[in-house]
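What follows is a single structure, written as structure tokens, with notes after it.
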Amino acid sequence: SAHVAGFCLTEGIVDGLEDIAAFDYCDDAGKHVAAINLHPERQNKISHILERGRDIPHTGYGLGGKALIERVRQALPTFSDDRRLTAQGARACLESLFRNQKLYARTRASHAAALFNEPLKMVAMSEDVGRHNALDKAIGKALLSRDLAEVHIGILSSRISYELAQKAARARIPILIGMSRPTTLAVQLGSAMNMTLACDNKHGGLSVYCGHDRIVGIDTHEQNQREDKTR
């Protein structure tokens with residue numbers, strides 16, 4: 001149910017639990033099928049999404065970067081969140097993700113996503129072979145436990161792509177930190193949405209690519225030098 005709930009939220013099918021009437025499951029004959037039943041009012045509101053599959057096209061739909069960013073800006077409000085995160089706090093969240101990757105420890109072939117609230121308490125974490133699935137599952141867990149509104153930080157074991165930044169934006173997560181540099185399109189989206197996108201810079205620090213004001217305790221000159229070396 002967490003994966004279904006998270007996917008529906010991050011794809012614009014629902015805005016919250018109040019849009020969901022029920023979950024149905026079927027695992028007959030080895031087939032695992034999950035269905036979500038929406039309230040009639042929500043079905044009517046998103047009829048355009050159900051007809052064409054998605055509200056906002058992803059990079060594979062052939063639209064240019066500017067067109068994609070504009071579509072997102074029209075569909076979602078920009079972040080006005082002014083809460084702050086220290087560089088040390090960000091590192092603590094990254095290390096917490098590493099410690100809790102039990103599936104990765106066994107397989108060395110999975111991704112993980114963890115969500116934290118402002119006191120830096122882990123609200124939800126999930127692992128999956130797919131990075132998009134891992135984030136959807138973590139968001140779904142927080143949604144179902146009614147803790148998503150408290151989530152301030154998302155930590156990913158992967159690179160931040162445009163799609164992952166978009167999912168975080170839909171879940172109203174203002175800070176997203178990955179393990180390597182975000183894509184150019186992800187940074188463009190983050191800048192347009194007033195999100196903070198950052199990554200582990202492999203030197204025991206943090207490189208911030210947009211939304212710098214939310215991260216405190218980073219030497220901007222030193223950060224720029226480190227980023228230049230990785231390009």
Is Leu144 reachable from Val4 through a run of hydrophobic residues whose side-chain heavy atoms are each under 4.5 Å from the next? yes

Take Lys121 and Glu150, measure what salt bridge (Lys or Arg N to Asp or Glu O under 4.0 Å) needs, and give me the verdict at the end. CA-CA 10 Å; Lys121 176 183 177 182; Glu150 302 302 318; over 6 Å; no

So, do Leu176 and Leu156 sit near enough that their side-chain heavy atoms are less than 4.5 Å apart? yes

How far does CG of Leu115 sit from NE2 of His152, to the nearest 0.5 angstrom? 12.5 Å

salt_bridge(Arg84, Asp213) N-O dist < 4.0 Å: no

Nearest 0.5 Å please: distance from the CD1 atom of Ile155 over to the CG atom of Leu94. 4.5 Å

Minimum side-chain heavy-atom gap Met195-Ile175 below 4.5 Å: no

Backbone N/O of Val72 and side chain of Gln166: donor-acceptor pair under 3.5 Å: no

With distance as the sole test, does Ser191 use its side chain to make a donor-acceptor pair with the main-chain N or O of Gln188 at under 3.5 Å? no

Around atom CD of Gln43, are there more than 12 heavy atoms of other residues, nucleotides or ligands at under 6.0 Å? yes

Does Arg146 have more than 12 heavy atoms from other residues, nucleotides or ligands lying within 6.0 Å of its CZ? no

Rounded to the nearest 0.5 Å, what separates atom NE2 in His132 from atom CD in Glu163? 4.5 Å

Residues which pass salt bridge (charged side-chain N to carboxylate O under 4.0 Å, His left out) with Arg108, listed by chain and number, not counting sequence neighbours: none

Out of curiosity, Cys93 SG to Phe98 CZ, how far, rounded to the nearest 0.5 Å? 11.0 Å

For Glu95, check salt bridge (charged side-chain N to carboxylate O under 4.0 Å, His left out) against everything at least two apart and list the hits. none

Within the 3.5 Å criterion, strictly below it, is a donor on Ser157 or His111 matched to an acceptor on the partner's side chain? yes

Can you list everything that forms a side chain to side chain donor-acceptor pair (under 3.5 Å) with Thr196? Sequence neighbours excluded, please. Arg214

Report whether Ile177 and Val216 are members of the same hydrophobic cluster (ILVMFWY, side-chain heavy atoms less than 4.5 Å apart, transitive linking). no

Report yes or no: is the cationic atom of Arg172 (NZ for Lys, CZ for Arg) under 6.0 Å from the centre of the six-membered ring of Phe79, at an angle within 45° of the ring normal? yes

Given salt bridge (Lys or Arg N to Asp or Glu O under 4.0 Å), test Asp15 with Arg170 step by step and report yes or no. CA-CA 8 Å; Asp15 286 336; Arg170 285 194 182 279; over 6 Å; no

